[in-house]
Number of protein chains: 2
Amino acid sequence: MTPRPVPRSTVARLPIYLRALEELTAQGVTTTSSGQLAELAGVGPAQLRRDLSFLGSHGVRGVGYDVEHLGEQVATALGVTADLAVVIVGVGNLGHALANYVAGTGQGFRVAALVDADPTVIGTVVAGLEVEDVAGLEEVVRREEATVAVLAIPSAVAQEVCDRLVEAGVTGILTFVPRVLQVPEGVDLRSVDLGTELQILAFHEQRKAALRG
Amino acid sequence: MTPRPVPRSTVARLPIYLRALEELTAQGVTTTSSGQLAELAGVGPAQLRRDLSFLGSHGVRGVGYDVEHLGEQVATALGVTADLAVVIVGVGNLGHALANYVAGTGQGFRVAALVDADPTVIGTVVAGLEVEDVAGLEEVVRREEATVAVLAIPSAVAQEVCDRLVEAGVTGILTFVPRVLQVPEGVDLRSVDLGTELQILAFHEQRKAALRG
DNA sequence: TAGTGTGAACGTTTTCACAGCT
DNA sequence: AGCTGTGAAAACGTTCACACTA
């Protein structure tokens with residue numbers, strides 16, 4: 001056993017492999033190969049084997065991988081074996097969609113609480129949970145022992161809410177706010193921004209247009 | 001002038017720089033430095049200078065960068081100077097949020113059309129636009145001369161809709177569907193998946209827990 | 001024989017450190 | 001004097017190609 005550190009780029013692909021393995025399980029497939037799995041994941045076979053090698057040797061030469069066993073290994077590596085409590089801050093359209101997504105497909109997660117600042121939203125029930133007042137954010141985080149939060153709130157209040165979450169004990173934040181947030185060492189921040197994604201597409205559209213134009 | 005190819009990783013950061021430059025403009029700042037801009041963007045000064053160097057030399061040694069001029073250069077490089085038509089497919093909570101986002105902050109984009117399959121949604125007005133029937137997807141794409149589409153629909157129909165979009169002339173797709181999509185050469189696909197993002201956070205949470213536990 | 005696991009080659013991205021310009 | 005722009009070095013990531021083994 002050689003517990004090498006798993007590279008960032010590999011970690012980013014593990015969830016895709018896990019989904020592919022779940023699909024295969026659902027189809028009743030019990031054994032797979034790096035070729036098949038790579039195809040499903042949209043990567044090269046060599047890359048897939050290299051990625052999996054960081055989790056240890058779980059394949060059988062000449063045969064392939066046991067779908068169920070490999071699925072367990074990937075899930076264990078990702079740390080999605082026990083449900084992680086997630087607090088969603090901001091229950092507009094986006095927060096609403098996120099809450100339903102996590103509540104629905106929640107493999108490895110559960111929506112621990114929903115929080116908003118809008119009095120017309122507080123008290124309503126979304127994804128089976130009553131929306132609570134952001135004023136009690138710290139209590140909610142401590143009550144649920146949540147370490148992960150999702151931010152779907154206006155830019156203007158994002159840094160303040162982020163600071164309060166960290167102060168209350170959150171160490172992982174997924175933000176949909178189009179703004180750079182500052183977090184202390186030891187807190188992981190992942191940012192998803194529609195504007196950024198569209199602008200990257202715009203760049204490639206321009207390049208393609210230039211080649212023709 | 002040396003029009004070197006802009007690396008992928010640099011392209012991914014340009015939108016962040018553009019936002020930072022717009023913030024500075026809003027604050028009335030006319031000149032900035034790699035140090036200040038890097039701070040706002042959350043990257044190192046050397047990385048920022050290297051990134052900007054791919055767009056040509058626009059800084060002044062000993063002084064810094066002209067905020068307005070640099071903003072124009074970055075916008076031009078990204079291809080967000082003229083509004084790009086975007087079709088949003090799927091107007092559930094997520095599609096709704098995306099439509100409002102693009103319609104609101106739309107620097108470089110405009111929502112050309114909204115499309116859905118649900119009869120109770122078709123005909124309703126969202127973000128100032130009437131939702132159209134997905135049955136007429138191809139006509140909508142051609143009518144608006146849209147080259148970019150956003151997918152916020154159920155997994156089961158995603159590949160089919162994707163194929164139809166490509167067939168109709170779309171060459172850039174941003175998908176929020178948790179599934180690997182196949183697109184032909186020449187079509188750019190960017191994927192955003194909440195489940196993947198949360199699982200990456202779970203990985204880091206586990207690592208931190210292991211260091212303490 | 002078929003398919004894994006991995007050393008080695010290759011390509012990309014980041015960082016350093018400083019020459020060069022204003 | 002101060003900040004940019006960039007060679008050179010280091011770090012990181014991907015792909016190749018094949019030895020190895022069930």
Side-chain angles (χ1 to χ4, degrees), chain A residues 1-17 20-21 24 29-71 73-74 77 200 203-204 207, chain B residues 1-17 20-21 24 29-74 77 200 203-204:
Chain A
M1 203 215 284
T2 326
R4 288 158 288 186
V6 185
R8 301 184 81 71
S9 53
T10 295
V11 173
R13 281 185 295 267
L14 291 181
I16 302 169
Y17 302 155
L21 288 165
L24 289 173
V29 178
T30 59
T31 303
T32 188
S33 66
S34 63
Q36 180 180 37
L37 205 45
E39 170 92 22
L40 287 171
V43 302
Q47 174 144 250
L48 184 128
R49 290 202 301 277
R50 173 77 70 195
D51 283 341
L52 294 185
S53 78
F54 291 111
L55 316 185
S57 288
H58 299 290
V60 180
R61 287 168 201 244
V63 178
Y65 301 92
D66 180 80
V67 172
E68 190 183 332
H69 178 250
L70 187 57
Q73 294 308 315
V74 175
I200 294 170
F203 173 87
H204 293 294
R207 239 171 34 87
Chain B
M1 207 214 281
T2 325
R4 287 158 291 186
V6 184
R8 298 184 83 72
S9 53
T10 294
V11 173
R13 281 185 296 268
L14 291 181
I16 302 170
Y17 302 155
L21 288 166
L24 289 173
V29 178
T30 59
T31 303
T32 187
S33 66
S34 64
Q36 180 180 35
L37 205 47
E39 170 93 21
L40 287 172
V43 302
Q47 175 145 245
L48 184 128
R49 290 202 301 277
R50 173 75 69 194
D51 284 340
L52 294 184
S53 78
F54 291 110
L55 316 185
S57 288
H58 299 290
V60 180
R61 289 171 199 242
V63 177
Y65 302 91
D66 180 79
V67 172
E68 191 182 331
H69 178 250
L70 187 57
E72 281 164 17
Q73 296 307 315
V74 175
I200 294 171
F203 173 86
H204 294 293

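All of these numbers come straight from a predicted model, not from anything done at the bench. Note that these values count all heavy atoms, side chains included, but never hydrogens, waters or copies made by symmetry.
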**Report entry** B:Ser9, nearest nucleotide to its side chain (from C:dT14, D:dG7, D:dC3)
**Finding:** C:dT14
Query raised in the report: Of all the nucleotides listed (D:dC3, D:dA19, C:dG7), which has the minimum atom distance to the side chain of A:Arg61?
Result: D:dA19
Query raised in the report: What are the two closest non-hydrogen atoms of B:Ala12 and A:Ile200, and how far apart are they?
Result: CA-CD1, 3.8 Å
Query raised in the report: Should we say atom CD of B:Glu39 is surrounded by more than 12 heavy atoms from elsewhere, each under 6.0 Å from it?
Result: no
Query raised in the report: So which one's nearest nucleotide on DNA chain C is more toward 5', A:Ser57 or A:Gly62?
Result: A:Gly62
Requested in this report: Would you mind telling me which residue lines up with the more 5' stretch of DNA chain D, A:Gly44 or B:Tyr65, judged by nearest nucleotide?
Outcome: B:Tyr65
Query raised in the report: According to a strict under-4.0 Å criterion, is B:Arg50 in side-chain N/O contact with OP1 or OP2 of D:dA8?
Result: no
Query - A:Ala46, nearest nucleotide to its side chain (from C:dC16, D:dC16, D:dA22) - result: D:dC16
Requested in this report: By nearest nucleotide on DNA chain D, pick out whichever of A:Gln47 and B:Gly64 is the more 5' one.
Outcome: B:Gly64
Query raised in the report: Between B:Val6 and B:Thr10, what is the shortest heavy-atom contact and its length?
Result: CG1-CG2, 3.7 Å
Report summary line: For B:Leu48 and B:Ala38 the tightest heavy-atom approach is CD1-N, 3.8 Å
Query raised in the report: Across the strands shown, which category fits A:Pro45 at heavy-atom distances under 4.0 angstrom: base, sugar-phosphate, nothing?
Result: nothing
Query raised in the report: Below 4.0 angstrom from OP1 or OP2 of D:dC3, is there any side-chain N or O of B:Ser34?
Result: no
Requested in this report: Please determine, for the side chain of A:Arg49, which listed nucleotide (C:dG3, C:dT6, D:dT14) has the closest atom?
Outcome: C:dT6
